[in-house]
Amino acid sequence: MAVGRLGAQESNPPTCSVPPEAREKVSRYLDLALSSATRIKSDYDRSQLIAQIAGGKVCVKEFKTAARLSDLAYPSGSGAADGLGRAVAQSGSLADVPALEASMTHGTSSFLYGLSEGLAIEG
């Protein structure tokens, strides 16, 4: 490995996953967290929490919701948009890319970067 340079896999850990049998329960907890997050008065804190919830929605394979939330959390949601792109590539859901990108006003560059990174990892 070259000094000062990390491979794609080392710089970005693999996308999380939740076992299929647990996705519904985890999604419900994320929805409860989102309900609480929307009541936070501080823009920064609210955006940070919504970005984390967007990342959780990626883990339960709710890509459309993750796209909407990462966009809502902009600029804090850029990491979630990146993770969403990697997850879409790794799950083989490339047919969803145009709709996901179109649903995002912000963060599309992060989403596309994550997508290209995920495709590179998957080969």
Gap between atom [atom2] of [Y] and atom [atom1] of [X] - 0.5 Å precision:
{"X": "S47", "Y": "I40", "atom1": "OG", "atom2": "CD1", "answer": "9.5 Å"}
{"X": "S27", "Y": "L32", "atom1": "OG", "atom2": "CG", "answer": "10.0 Å"}
{"X": "Y113", "Y": "R86", "atom1": "OH", "atom2": "CZ", "answer": "9.0 Å"}
{"X": "R46", "Y": "K41", "atom1": "CZ", "atom2": "NZ", "answer": "9.5 Å"}

For E62, the salt bridge (charged side-chain N to carboxylate O under 4.0 Å, His left out) test, sequence neighbours excluded, returns K57
Residue set satisfying salt bridge (charged side-chain N to carboxylate O under 4.0 Å, His left out) with R28, at least two apart, ordered chain then number -> E24
Residues passing the side-chain contact (heavy atoms from CB on, under 4.5 Å) test with S93, sequence neighbours excluded, are F63, V88, S91, D96
For L112, the side-chain contact (heavy atoms from CB on, under 4.5 Å) test, sequence neighbours excluded, returns E101, L115
Residues 19-54 vs ring-ring contact (aromatic ring centres under 6.0 Å, His included), sequence neighbours excluded, gives none
Throw together a table of side-chain donor-acceptor distances under 3.5 angstrom for residues 67-78, partners on residues two or more places apart or in other chains.
| from | atom 1 | to | atom 2 | distance (Å) |
| --- | --- | --- | --- | --- |
| S70 | OG | A66 | O | 3.2 |
| S70 | OG | A67 | O | 3.1 |
| D71 | OD1 | T105 | N | 2.9 |
| D71 | OD1 | H106 | N | 2.4 |
| D71 | OD2 | T105 | N | 3.1 |
| S76 | OG | Q48 | NE2 | 2.9 |
| S78 | OG | P75 | O | 3.2 |

So do [Y] and [X] actually touch side chain to side chain, heavy atoms under 4.5 Å?
{"X": "D82", "Y": "E117", "answer": "yes"}
{"X": "L49", "Y": "I53", "answer": "yes"}
{"X": "L100", "Y": "F111", "answer": "yes"}

Between A80 and V58, the two heavy atoms sitting closest are O-CG2, 4.4 Å
Minimal heavy-atom distance between L94 and A89, with the atoms involved, is CD2-CA, 4.2 Å
Checklist line | Backbone N/O of K61 and side chain of R23: donor-acceptor pair under 3.5 Å | finding: no
Practice item. Treating Ile, Leu, Val, Met, Phe, Trp and Tyr as nodes and any side-chain heavy-atom pair under 4.5 angstrom as an edge, say whether L34 and L84 lie in one connected cluster. Key: no
